[in-house]
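For reference, positions follow the sequence shown, starting with 1. First listed ligand is number 1; within each ligand, the first listed atom is number 1.
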Amino acid sequence: MKTTLWGACLAMAIVLVTATDEISPRPSLSFSPKAPYHAVVQPEQRRCKTCFIDSHGDGVTDDSPSILNAFKECNDGGRVVFRKNYTYVIGTAMDWTFLNHIDIDIQGEILFTNDTTYWQANSFKFGFQNVTSFFKLGGNDVWIYGGGTVDGNGQIWYDTHAKDIYTLRPVLFGIDGLHDSVISDLALRYSPQYYHFVANSTNVVFNNIDIAGRSTSKHEAKNTDGWDTYRSDGVTIQNSVINNGDAQLNQHPGPEPLLQRLTRHQRRLAGPVRRHLRHRRRRVVGNVSLHNASDGARIKVWPNTPSALSGDLQGGGGDGRVRNITYSGMVIDNVDYTIEIDQCYGQKNLTLCLEYPSPLTISDIVFERFRGRTSKKYQPLIGALACSSDKACSNIRAEDIDVMSPNGTRDVYCLNMDRTSLDLTCTDKYKGFN
Ligand SMILES: *[C@@H]1O[C@H](CO)[C@@H](O)[C@H](O)[C@H]1NC(C)=O
Ligand SMILES: *[C@@H]1O[C@H](CO)[C@@H](O)[C@H](O)[C@H]1NC(C)=O
Ligand SMILES: *[C@@H]1O[C@H](CO)[C@@H](O)[C@H](O)[C@H]1NC(C)=O
Ligand SMILES: *[C@@H]1O[C@H](CO)[C@@H](O)[C@H](O)[C@H]1NC(C)=O
Ligand SMILES: *[C@@H]1O[C@H](CO)[C@@H](O)[C@H](O)[C@H]1NC(C)=O
Ligand SMILES: *[C@@H]1O[C@H](CO)[C@@H](O)[C@H](O)[C@H]1NC(C)=O
Ligand SMILES: *[C@@H]1O[C@H](CO)[C@@H](O)[C@H](O)[C@H]1NC(C)=O
Ligand SMILES: *[C@@H]1O[C@H](CO)[C@@H](O)[C@H](O)[C@H]1NC(C)=O
Ligand SMILES: *[C@@H]1O[C@H](CO)[C@@H](O)[C@H](O)[C@H]1NC(C)=O
């Protein structure tokens, strides 16, 4: 690691940058057509300290110690640079929840080791549906960008999970308690499981994230959701692409009233530290495209009866609410369901689900400006909106959904829905859920 001090911090600048060391400009975020609920202001340039991180470069040796040192050294007002054309191997679980006023410029590639035994024993446990992660990211005013790649080395996990469903596959970006932060301009590849799990966070913008990763063996890359959010408020996802994943965005309500509306706006540049949990926000997806996946915009809820999707995924019971969410502007291509509300998640017996309706309410949801084509899987359906009772859902709206199945149909399965607010072709014909 090399630390560089810039002139802005010292009367006499000491500049130790070599010709090949470059610093990426901060991404310039633009937020049209929707304005953010709370404006995001660009923090000052962090010129005081820059830590360029070295790597062993052999593709095998763990570079974690230099990474952790750089994060500590340049925290509180500096920036760290993962250099262009360098590969950084990470073989140690690292807690990055201490970050504060820092820019992380990832130009090179970060690759996680394939040691499934180590990771299962040492990954961070999130205490929710067996979620674990390679690292835990949190703090205030953290900007991560740079055009580089973060690679989860997922193939070995897809194969291991096929042999043992209890394999704890880490998520690529494990986020816990991140506030007023921006993650932009990154390519994310081969996550063992979800690409992001965002917990306990407020005002986080994800912009221009390019997600892809497909299994090269006969074992599918399962549960590779783009973003899963939990107890978080003010999450914005825009200008992003997911290819060949699983769910695009899942909302996990959890066992108690949580999930205040999440903001997902296009917002202005991120900003001053704003730590209060805001309660009146909606979430907007702006300009997200999704290819070869199972679900577009989806809210799924376990019913009020014990249910099991599989041995390692069980639920049922629990209340709370999901409110004030807008999904706006999504382009899909070969996705099984474009829009989906499923309050019978994990319960194949619809009768049983309806007998024990979910006490978790879903209200003020908008799906708008969807384009594209679904897969054949649920043809003639393109979506499904199913509530376990007519009291569980209110003010669910759909407008301007220009999506067709491969044979040209546009049907949506509707159950316990007020159809007058749905500009869709509702049908009672049930074809199941993913
Ligand atoms: C990175 O690699 C590319 C292609 O080999 C090369 O053109 C470029 O100069 C390299 N950049 C740096 C900073 O080493
Ligand atoms: C794990 O990665 C190492 C280093 O790249 C490689 O030598 C080894 O073959 C890999 N093991 C498996 C099972 O893929
Ligand atoms: C979120 O915050 C709560 C309360 O501080 C804490 O108990 C929990 O471990 C945190 N993380 C997750 C993933 O819930
Ligand atoms: C949508 O996102 C893509 C991918 O990031 C980007 O290339 C394109 O410019 C964006 N379009 C708009 C209208 O923002
Ligand atoms: C929904 O979010 C908007 C901001 O986008 C806010 O003005 C409104 O008060 C929220 N409504 C509720 C019921 O929280
Ligand atoms: C989706 O999958 C199909 C069939 O495997 C493939 O031809 C196509 O390129 C994929 N789409 C994208 C955007 O990669
Ligand atoms: C995962 O969670 C389920 C409950 O949903 C539990 O029965 C199982 O033991 C957990 N698996 C692991 C590996 O922790
Ligand atoms: C579904 O649940 C109902 C109500 O408990 C029961 O009568 C029925 O046999 C179940 N159907 C199947 C296919 O298990
Ligand atoms: C579309 O395909 C489904 C089955 O995949 C079939 O039931 C339906 O009749 C077809 N509709 C048209 C208009 O071809």
Ligand 8 atoms nearer than 4.0 angstrom to some heavy atom of Glu355 are 4 (C)

Could you tell me, atom by atom, which parts of ligand 8 come under 4.0 Å of a heavy atom of Asn349? 1 (C), 2 (O), 3 (C), 8 (C), 10 (C), 11 (N), 12 (C), 14 (O)

Testing Leu186, Val182, Val198 for side-chain contact (heavy atoms from CB on, under 4.5 Å) with Phe206, which one passes? Val198

Please assess Arg323 against Asp233 for the test salt bridge (Lys or Arg N to Asp or Glu O under 4.0 Å), listing each intermediate value before the final yes or no. CA-CA 11 Å; Arg323 189 165 68 160; Asp233 184 40; over 6 Å; no

Any atoms of ligand 1 less than 4.0 Å from a non-hydrogen atom of Asn85? List them with their elements. 1 (C), 2 (O), 3 (C), 8 (C), 10 (C), 11 (N), 12 (C), 14 (O)

Near Ala199, which atoms of ligand 3 are under 4.0 Å from a heavy atom of that residue? 13 (C)

Close approach of Phe126 to ligand 3, heavy atoms, under 4.0 angstrom: yes

Lys391 atom NZ, neighbour heavy-atom count above 12 within 6.0 Å: no

Would you please indicate yes or no on a ring centroid separation below 6.0 angstrom for Tyr378 and Phe433? no

Just which atoms of ligand 3 are under 4.0 Å from any heavy atom in Asn200? 1 (C), 2 (O), 3 (C), 8 (C), 10 (C), 11 (N), 12 (C), 14 (O)

Before giving the answer on salt bridge (Lys or Arg N to Asp or Glu O under 4.0 Å), spell out for Asp54 and Arg83 the whole-Å C-alpha distance, their side-chain angles and the decisive distance to 0.1 Å. CA-CA 8 Å; Asp54 283 328; Arg83 294 173 156 124; 2.4 Å; yes

Taking 4.0 angstrom as the limit and counting only heavy atoms of Leu352, give me the atoms of ligand 8 inside it, by number and element. 2 (O), 5 (O)

When you measure from atom 7 (O) of ligand 3 to every protein heavy atom, which one gives the shortest distance, and what is it? Arg231 NH1, 4.7 Å

Output yes when a protein non-hydrogen atom is found under 4.0 Å of atom 11 (N) of ligand 3, and no otherwise. yes

Hey, is Arg26 close enough to Asp103 for a salt bridge, meaning N to O under 4.0 Å? yes

If we check side-chain hydrogen bond (donor to acceptor under 3.5 Å, both in side chains) with Asn239, which of these qualifies: Asn208, Asp185, Asn207? Asn207

Which of the atoms of ligand 3 are close to Tyr230, meaning less than 4.0 Å from one of its heavy atoms? 14 (O)

Within 4.0 Å of atom 4 (C) of ligand 3 (strictly less), any protein heavy atom? no

Determine, step by step, whether Tyr195 and Phe173 satisfy the ring pair (Phe, Tyr, Trp, His ring centres under 6.0 Å) criterion, reporting the C-alpha distance in whole Å, the side-chain angles of both residues, the deciding distance to 0.1 Å, and the verdict. CA-CA 6 Å; Tyr195 280 82; Phe173 266 70; 9.3 Å; no

